[in-house]
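Structure record follows, encoded as structure tokens.
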Amino acid sequence: MIPKYLENYMFNERDFFNEDYVCTDPEKEQLVKQLANLITDDIQIHSPKDVDVHLPDFWILDRLLTKEQVRFMLSFKKKRVVKLLPEQMAERNNMTPEVAEKMAMEICEIGLMEFDRENPEHRRQYFIPKWVVGSGEYMMMTSRLLKDHPEVATFFNYASSVPVGKVARFVPQGGGGLGMHVIPVEKAIEHVSESVSVEHLSHWLKKYDKFCVDVCSCRRQQAMRGEGVGDIEGYMCLAVGDMAEYIVETRKDAYYITYDEVMEILERAEKKGYVHQITNLDGEDKIVGICNCSPGTCNAIRTSQLFNTPNMSASAYRAHVDTDKCVACGKCVEVCPVGAAKLGQKLCLKDGSKIEYPKTELPDAQKWGPDKWNKNFREDAKINVYETGTAPCKTACPAHLAVQGYIRMAAEGRYLDALKLIKQDNPFPAVCGMVCNKRCEERCTRGTIDRPVAIDEIKKFIALQELNAESRFVPECYNDVGEQWDDYKIAVIGAGPAGLSAAYYLRKQGYPVTVFEKEEKPGGMLRYGIPNFRLEKDVIDAEIEVIRMMGADIRCGVEVGKDITVEDLRKEGYKAFYVAIGMQTGRKANIPNEEYAVSGVDFLREANKTCSDSILHGKTVVIGGGNVAIDVARTALRAGASAVEMYCLEGPDEMPAAKDEIAEAKEEGIAVKNCWGPKEVLVEDGKIKGIIMKHCIQVFDKDGKFNPVYDETELKTIECEHVLMSIGQAAVWGDLLKGTKVEVRPNTTAVADLVTCQTAEEDIFVGGDVFKGARFAIDAISEGREGFVSINRFVHYGQSLTIGRDLREFKELDRDDILVESYDNAQRQVPGYKPGDAAHTYEDLRLALTEEQVRAEANRCLKCGASIVDDNRCIGCGLCTTRCEFDAIHLTRDVPNASRMYTAENGRLKAILPNIAARGIRILKNNIKQKL
């Protein structure tokens with residue numbers, strides 16, 4: 001029968017409990033039980049009789065060792081660590097020293113024995129380590145063993161969680177000699193005068209002259225179990241001193257490295273957001289390794305987060321935010337390995353009070369059991385915002401840019417820093433500065449007082465640096481493990497904002513990326529669908545050039561499905577495909593003679609290619625009321641139309657087009673006619689003579705669905721020479737998906753998972769308009785990033801597309817319940833215009849704000865949001881400090897006892913047992929207090 005306690009864990013208990021397992025040799029069964037009792041960390045196993053043959057403590061030894069090897073290991077006898085030289089092993093086993101050492105090395109190569117040189121003669125001496133930290137890791141480092149025994153991953157998962165769950169609540173600050181211990185980023189504690197030597201990585205590195213790097217056992221284990229979170233195993237963990245020799249010489253997946261290579265790995269780990277941890281088994285004078293831990297896969301971090309017992313791994317430090325300096329950029333939140341940092345607000349509530357943010361419960365003074373555990377810790381660590389919300393600008397932006405952050409940098413004149421900050425979340429800031437629909441401004445808290453901060457204009461000013469080759473910011477490209485990933489070629493199909501954004505993030509991660517574009521130039525609808533007077537092409541070219549400089553191969557004039565197929569690309573070694581071909585044609589109204597009308601999208605493509613003033617002549621009617629229709633109408637004027645009228649179904653307040661764009665169209669002399677829909681295009685001698693319109697009395701039904709109702713008795717005939725239909729867009733798939741399982745909806749969008757973007761063809765992911773319909777550039781940019789996240793996980797073995805994924809969900813604060821006591825009362829800054837006839841030039845006449853205006857506008861920001869740290873959850877790794885560009889978050893040495901290091905042997909006696917007694921007294925006092 002499965003032990004009931006296994007049901008409390010976050011895993012399928014049947015992974016561990018092999019109820020069909022039988023040892024066919026009764027004598028070996030008894031010997032293995034004795035050995036399991038000798039090694040196990042399980043406090044409920046006191047004698048061989050307590051060892052269950054169905055649990056990993058038993059079956060892993062039975063499967064990996066011969067009876068002779070089991071007897072050999074039993075010669076070490078005692079539960080405490082006994083270290084023996086070859087002649088001592090020989091004497092105990094009645095064999096020669098050479099034979100004894102040969103057998104010991106064979107078991108070391110499995111990972112069930114260990115050696116060091118801690119004796120006066122500096123000779124190898126052998127001993128039996130515990131399961132974790134110990135044999136579990138060593139076996140996981142041995143790929144040739146895992147090939148024959150993949151069940152080792154299940155064993156390691158068990159040994160690093162189930163026994164720990166039985167004692168976690170009793171563990172004191174510092175860990176009591178159990179497992180691993182967080183050691184902060186060194187730069188984060190350089191200013192702390194009371195820090196002690198064992199808290200500094202440099203202290204430990206100076207103690208040793210031998211280093212090796214090995215694969216991460218935890219990441220490998222989770223990948224083998226299909227629970228990877230996208231952090232690839234690679235060579236990221238470090239062994240020092242005798243341990244380095246042991247790991248390399250016993251043929252683990254490791255190799256010797258120099259001190260400089262150690263420092264490079266540590267630096268790369270910090271850039272990737274990996275937590276430094278040292279072994280905590282040998283007291284204050286020794287460590288055997290430094291791990292650079294992936295938060296979502298690390299077993300050591302799991303022990304503190306699953307059981308809600310941070311004493312298991314936390315350092316002596318806790319992070320604290322200076323809210324006066326904090327700008328809620330969210331970068332500390334993104335990197336926090338345990339979800340201790342979340343976004344909140346710094347503004348008071350209307351009654352003058354401040355929000356009290358919840359703190360994680362701890363087991364220090366209350367009874368603690370599985371009901372207090374957090375099985376969803378990996379997902380909870382990726383919650384970005386407290387329930388009460390944060391800055392509306394960051395929330396409203398589809399890409400969730402660090403708006404407050406770059407505004408503050410602009411106010412300080414830190415324009416390049418601001419550009420770097422923006423490009424963490426948006427590779428096209430200059431493009432968006434020209435064409436963004438400004439959802440951040442729609443929700444800006446300042447708008448509740450007078451007018452919103454001109455966020456987009458500030459971003460536009462910052463991003464103009466992209467137009468100058470000397471001031472462009474080209475991000476560094478590197479991957480998790482510092483290796484070339486030539487075997488992980490990725491194909492992006494479509495060089496629009498979604499596809500190019502995916503390429504940008506894939507290149508940042510070090511992937512070889514090829515972008516295939518059927519048009520002669522990259523940019524997609526940015527180039528061919530947005531008029532030059534709104535987005536000049538040198539802006540697009542400059543930002544695409546950055547992606548080229550990052551190493552992306554952009555191949556234009558190649559139509560996938562026609563010139564080359566997906567299957568052809570697979571044969572060339574491409575491992576995944578991101579399809580973002582956009583909506584390249586217009587929808588039909590299904591009215592008589594519609595074939596004589598021109599799609600607005602097709603018209604814009606031609607106009608953008610030529611910028612000609614003789615494409616049209618005479619009067620032109622544009623059908624549609626969205627932003628694209630506005631662009632079509634305004635372009636028609638520049639393309640030679642003598643007059644332009646727009647007709648749309650919606651009333652003035654229902655039009656989907658942005659209000660400022662409608663106003664600009666009207667200023668140019670375009671007539672906007674509301675509540676009319678097309679009935680028939682009038683044609684004579686093969687030429688358009690006019691169009692009949694019918695009165696629309698309702699656009700949406702009572703459920704809010706698009707379901708127009710017309711009064712067919714009220715008609716209007718408009719004489720014109722051209723009709724441009726801009727009532728929606730559709731994708732043109734051609735043969736791109738031929739031979740694949742990808743499904744396409746009637747509206748021509750592809751069917752895919754809303755979170756992962758993965759289609760029914762597992763290596764094909766989709767994004768942009770072709771996924772969720774025609775929207776804005778910033779939406780496509782956001783989806784390109786999500787495509788990268790999924791592909792990064794997909795192409796590597798054993799990575800889940802969803803576990804521990806940052807869903808980037810944000811919630812805005814309650815703008816109706818805030819108190820703004822003081823603010824800069826300057827008026828919103830307005831940019832100027834170049835001289836010229838706006839209605840008849842393809843040139844963008846809009847100017848950017850001046851530097852003086854930018855600084856004035858930036859100071860209008862109310863600074864709504866701030867990061868908040870739950871110090872009960874914080875593990876003191878210091879990664880947050882590496883991301884903050886505003887000196888707003890620091891580590892302080894709040895828990896000095898957390899730096900006390902015990903040996904695994906005396907930790908129970910000197911640390912854990914006294915803490916059990918002290919904790920019991922605290923619980924008793926707390927219970928008495930509650931009764932009173």
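- Partners of Arg805 according to the side-chain hydrogen bond (donor to acceptor under 3.5 Å, both in side chains) rule, which considers only residues two or more places apart in sequence or in another chain, are Glu786, Ser790.
- Proximity of Tyr902 to Ile912: side-chain heavy atoms (C-beta onward) are nowhere separated by under 4.5 Å.
- A salt bridge does not link Lys438 to Glu442: none of the charged side-chain nitrogens sits closer than 4.0 Å to a carboxylate oxygen.
- The ring pair (Phe, Tyr, Trp, His ring centres under 6.0 Å) check on Phe776 picks up nothing, with sequence neighbours excluded.
- Using modelled atom types and a 3.5 Å distance limit, the side chains of Ser160 and Arg302 yield a donor-acceptor pair.
- Residues forming a side-chain hydrogen bond (donor to acceptor under 3.5 Å, both in side chains) with Lys367 (at least two apart in sequence, or on another chain): none.
- Take Tyr823 and apply the ring pair (Phe, Tyr, Trp, His ring centres under 6.0 Å) test, not counting sequence neighbours, and it matches no residue.
- Listed by chain and residue number, His400 satisfy the ring pair (Phe, Tyr, Trp, His ring centres under 6.0 Å) test with Phe810 (two or more places apart in sequence, or in another chain).
- Side-chain contact between Gln404 and Lys394 is absent, with no heavy atoms from C-beta onward closer than 4.5 Å.
- In summary, of the residues considered (Lys508, Lys271, Arg268), a salt bridge (Lys or Arg N to Asp or Glu O under 4.0 Å) with Glu476 occurs for Lys271 alone.
- A salt bridge does not link Lys187 to Glu270: none of the charged side-chain nitrogens sits closer than 4.0 Å to a carboxylate oxygen.
- Lys382 and Glu379 are not joined by a salt bridge, as no carboxylate oxygen comes within less than 4.0 angstrom of a charged side-chain nitrogen.
- In this structure, a donor-acceptor pair under 3.5 Å is present between the side chains of Glu199 and Ser899.
- Every residue meeting the side-chain contact (heavy atoms from CB on, under 4.5 Å) condition with Val795, not counting sequence neighbours, appears here in chain and number order: Tyr488, Ile490, Tyr511, Lys575, Ala576, Ile791.
- Evaluation of the side-chain hydrogen bond (donor to acceptor under 3.5 Å, both in side chains) rule for Asp779 yields Arg439 as partners, not counting sequence neighbours.
- Taking all atoms of both residues into account, the shortest heavy-atom contact from Gln277 to Ser313 is OE1-CB, 3.9 Å.
- The residues Lys359 and Asp871 are annotated as salt-bridged, a charged nitrogen and a carboxylate oxygen being separated by less than 4.0 angstrom.
- For the pair Lys423 and Phe473, the cation-pi test (distance below 6.0 Å, angle within 45°) is failed.
- Shortest non-hydrogen contact noted between Met901 and Thr279 is CE-O, 3.9 Å.
- Around CD of Glu356, the count of heavy atoms belonging to other residues, nucleotides or ligands within 6.0 Å does not exceed 12.
- In plain terms, the two heavy atoms of Gln222 and Arg378 that are nearest each other are NE2-NH1, 4.1 Å.
- For the side-chain contact (heavy atoms from CB on, under 4.5 Å) test, residues two or more places apart in sequence or in another chain that qualify with Gln799 are Ala223, Ile232, Arg793, His796.
- Side chains of Thr309 and Asn311: a donor-acceptor N/O pair is absent below 3.5 angstrom, by distance only.
- Under the 30°/60° scheme for interplanar angles, the aromatic rings of Tyr415 and Phe461 are found to stand perpendicular.
- Ion pairing of Asp425 with Lys331 is present here, as a side-chain N (NZ or NE/NH1/NH2) and a carboxylate O approach within less than 4.0 Å.
- No side-chain heavy atom of Leu178 sits less than 4.5 Å from a side-chain heavy atom of Thr303.
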Evaluate the ring pair (Phe, Tyr, Trp, His ring centres under 6.0 Å) criterion for residues Tyr504 and Phe788: first the C-alpha distance (whole Å), next the side-chain angles of each, then the deciding distance (0.1 Å), finally the verdict.
CA-CA 9 Å; Tyr504 172 88; Phe788 146 71; 9.7 Å; no
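- Using modelled atom types and a 3.5 Å distance limit, the side chains of Thr360 and Asn872 yield no donor-acceptor pair.
- Between Glu233 and Arg220 there is a salt bridge, with a side-chain nitrogen of the basic residue lying less than 4.0 Å from a carboxylate oxygen of the acidic one.
- Closest heavy-atom contact between Asp231 and Pro295: OD2-CD, 4.5 Å.
- Shown here are the side-chain contact (heavy atoms from CB on, under 4.5 Å) partners of Leu349, two or more places apart in sequence or in another chain: Gln345, Asp351, Ser353, Ile355, Asp817.
- Taking every heavy atom of both residues into account, Asp324 and Lys346 meet most closely at O-NZ, 4.0 Å.
- For the residue pair Gln221/Asn157, the side-chain donor-acceptor check at 3.5 Å is satisfied.
- No more than 12 heavy-atom neighbours from other residues, nucleotides or ligands sit within 6.0 angstrom of CZ on Arg900.
- Residues forming a ring pair (Phe, Tyr, Trp, His ring centres under 6.0 Å) with Phe794 (at least two apart in sequence, or on another chain): Phe765.
- Checking Thr448 against Thr445 by side-chain atom types alone, no donor-acceptor pair falls below 3.5 Å.
- Glu412 is linked by a salt bridge (charged side-chain N to carboxylate O under 4.0 Å, His left out) to Arg414, counting only residues two or more places apart in sequence or in another chain.
- Contact of the Pro475 side chain with the Val546 side chain is registered, since non-hydrogen atoms from C-beta on lie closer than 4.5 Å.
- Residues passing the side-chain hydrogen bond (donor to acceptor under 3.5 Å, both in side chains) test with Asn292 are His276, sequence neighbours excluded.
- Between the side chains of Gln305 and Asn374, no donor-acceptor pair is found at a separation under 3.5 Å.
- Ion pairing between Arg883 and Glu334 fails under the 4.0 Å rule for side-chain N and carboxylate O.
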